[in-house]
Amino acid sequence: MADESLFDFLHMEIVSHIYREQQSSKEEMDNKDRAVCVSVLESMGFRVGQGLIERLTRDSPSFKDELDVMKFVCKDFWTKVFKRQIDNLRTNHQGTYVLQDNTFSLLTQLSNGKQYLDQAPKYLAFSCGIVRGALSNLGLDSVVTAEVSVMPSCKFQVVVQKL
Amino acid sequence: MDRCQFVCYSIGDVSSERERQARMRTALQRGPERGRKQEKKMTVHNLYIFDRNGSCLFYNEWNRKKQAGISKEEEFKLMYGMLFSIRSFVSKMSPLDMKDGFLSFQTSKYRLHYYETPSGLRFVMNTDLSVPNGRDTLQSIYSNLYVEYIVKNPVCVLGHSLDSELFSSRLDSFIRGLPFYSPRAA
């Protein structure tokens, strides 16, 4: 049980460290600074996701198609990393997927509704990077964004880039 | 007085014999005073959470009939100062080696329970006299609510007052769900 808290606390501190660093020179953070912080977190997550997926798929056979890959991400990958499965996967069969998680593990301690909604994106950037890294190592270049309307439920949108 | 009461029931009553007898039984159980005043008054009055520096992080009340007559800030300072003094008093005057130190005090109307965590957080709960030991309750508030919803909340800075609505609502439902809580207190 201690293992789960280790990552949660480390993640909290990573986010606040990066925001503190960015803010150290100025008084107020403007949107550009916030974007820098989010992209730093996302690229950290990217590398982590790449490594994780290598480890998690070393025993499984190769995937038939894109949809299969997404299903793997929704079930096995999400279970290993976020301790539960994705609740809802939607796609337009043309490269866009929406993954909905109704109790996202990094948001459950924050709030149960609208409080702290503006702070939520900070804590989702790393996870978006993890998903993007995982997909890229499975051969799918993508752009991953996340949105939250009511905590702790959130939606990850994956747009697969075609060459 | 009593006898008059249940004679009235049996005369005015048109329902079955069994029901009449059930009514007589409950009238007897109620004792000399009528109805509600005799029901058990078990309740939690209020709860304070202080940090190690003495600042009050959280306060909520459920069943408080009388206010202290001073501002909230002064009340918190008074509470913390009193606890500090009592704890050092208890440890100095103890005739034996002390294990846990100060646990609770009681008056003829209420009992105050105290729990201090190793990290210096102090939980204080006022309940009525029917609750003998609130320490376990306070400890489970600490481990199941405080640690889960405040310490693990990235937005809550340690040392500041606890703003998280999630924490307040979970604490509220926890207190209301306690076996010794009832919303009607005399």
Side-chain angles (χ1 to χ4, degrees), chain A residues 1-23 29 34 37-38 40-42 44-45 82-84 102-128 146 148-154, chain B residues 44 47-53 55-62 72 115-123 136-178 181:
Chain A
M1 281 298 121
D3 304 335
E4 299 172 6
S5 312
L6 278 174
F7 173 68
D8 291 336
F9 287 130
L10 183 62
H11 178 249
M12 275 163 53
E13 190 47 35
I14 290 176
V15 173
S16 73
H17 172 79
I18 292 196
Y19 274 76
R20 257 200 313 269
E21 288 282 302
Q22 197 63 20
Q23 194 170 8
M29 285 195 73
R34 270 185 263 269
C37 292
V38 166
V40 168
L41 283 167
E42 217 252 349
M44 287 173 76
F82 300 113
K83 288 153 240 137
R84 57 194 307 273
N102 286 333
T103 29
F104 189 58
S105 62
L106 292 172
L107 291 179
T108 43
Q109 323 293 80
L110 260 183
S111 103
N112 227 4
K114 303 276 182 182
Q115 199 192 19
Y116 302 134
L117 199 58
D118 51 338
Q119 315 260 3
K122 292 204 274 196
Y123 301 98
L124 294 173
F126 190 80
S127 315
C128 289
V148 190
S149 52
V150 177
M151 306 230 245
S153 147
C154 74
Chain B
V44 175
L47 177 80
Y48 303 74
I49 304 183
F50 293 96
D51 72 351
R52 66 169 74 229
N53 301 323
S55 31
C56 182
L57 301 177
F58 183 81
Y59 169 73
N60 200 4
E61 57 188 42
W62 285 271
K72 273 281 174 285
Y115 174 66
E116 183 175 343
T117 73
S119 54
L121 220 57
R122 294 155 159 93
F123 289 81
D136 290 331
T137 311
L138 289 174
Q139 203 197 8
S140 86
I141 290 182
Y142 172 63
S143 63
N144 298 336
L145 295 173
Y146 182 83
V147 169
E148 283 301 318
Y149 297 113
I150 300 290
V151 178
K152 285 191 179 174
N153 186 336
V155 180
C156 287
V157 183
L158 298 179
H160 282 82
S161 63
L162 311 178
D163 292 326
S164 166
E165 284 165 13
L166 185 55
F167 173 72
S168 314
S169 63
R170 289 285 153 95
L171 179 66
D172 194 57
S173 29
F174 177 79
I175 294 278
R176 285 180 203 273
L178 285 172
Y181 180 84

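Everything numeric in this text was worked out from a predicted model, so none of it was measured. Here is how names work: the chains are called A, B, and so on, in the same order as the sequence lines, proteins then strands, and each is numbered from 1.
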To see if you've got the definition right, give the donor-acceptor pairs under 3.5 angstrom between chain A and chain B.
unit_1: A/Gln109; atom_1: O; unit_2: B/Asn153; atom_2: ND2; d: 3.3
unit_1: A/Gln109; atom_1: NE2; unit_2: B/Glu148; atom_2: O; d: 2.8
unit_1: A/Gln109; atom_1: NE2; unit_2: B/Glu148; atom_2: OE1; d: 3.0
unit_1: A/Leu110; atom_1: O; unit_2: B/Asn153; atom_2: ND2; d: 3.3
unit_1: A/Gln115; atom_1: OE1; unit_2: B/Glu165; atom_2: N; d: 2.6
unit_1: A/Gln115; atom_1: NE2; unit_2: B/Asp163; atom_2: O; d: 2.9

Spatial distance of atom CG (B/Leu57) from atom CG (B/Leu121) [nearest 0.5 Å]
6.0 Å
I need the A/Ile18 CD1 to A/Leu41 CG distance, nearest 0.5 Å.
4.0 Å
Residues in ring pair (Phe, Tyr, Trp, His ring centres under 6.0 Å) contact with A/Phe82, at least two apart in sequence or another chain
A/Trp78, A/Phe104
Considering all heavy atoms of both residues, which atom of B/Leu166 and which atom of A/Leu110 are nearest to each other, and what is their separation?
CD2-C, 4.2 Å
Below 30° counts as parallel, above 60° as perpendicular, anything between as tilted: where do the rings of A/Phe126 and A/Phe7 land?
tilted
What's the spacing between B/Leu171 CG and B/Leu162 CG if we round to 0.5 Å?
10.0 Å
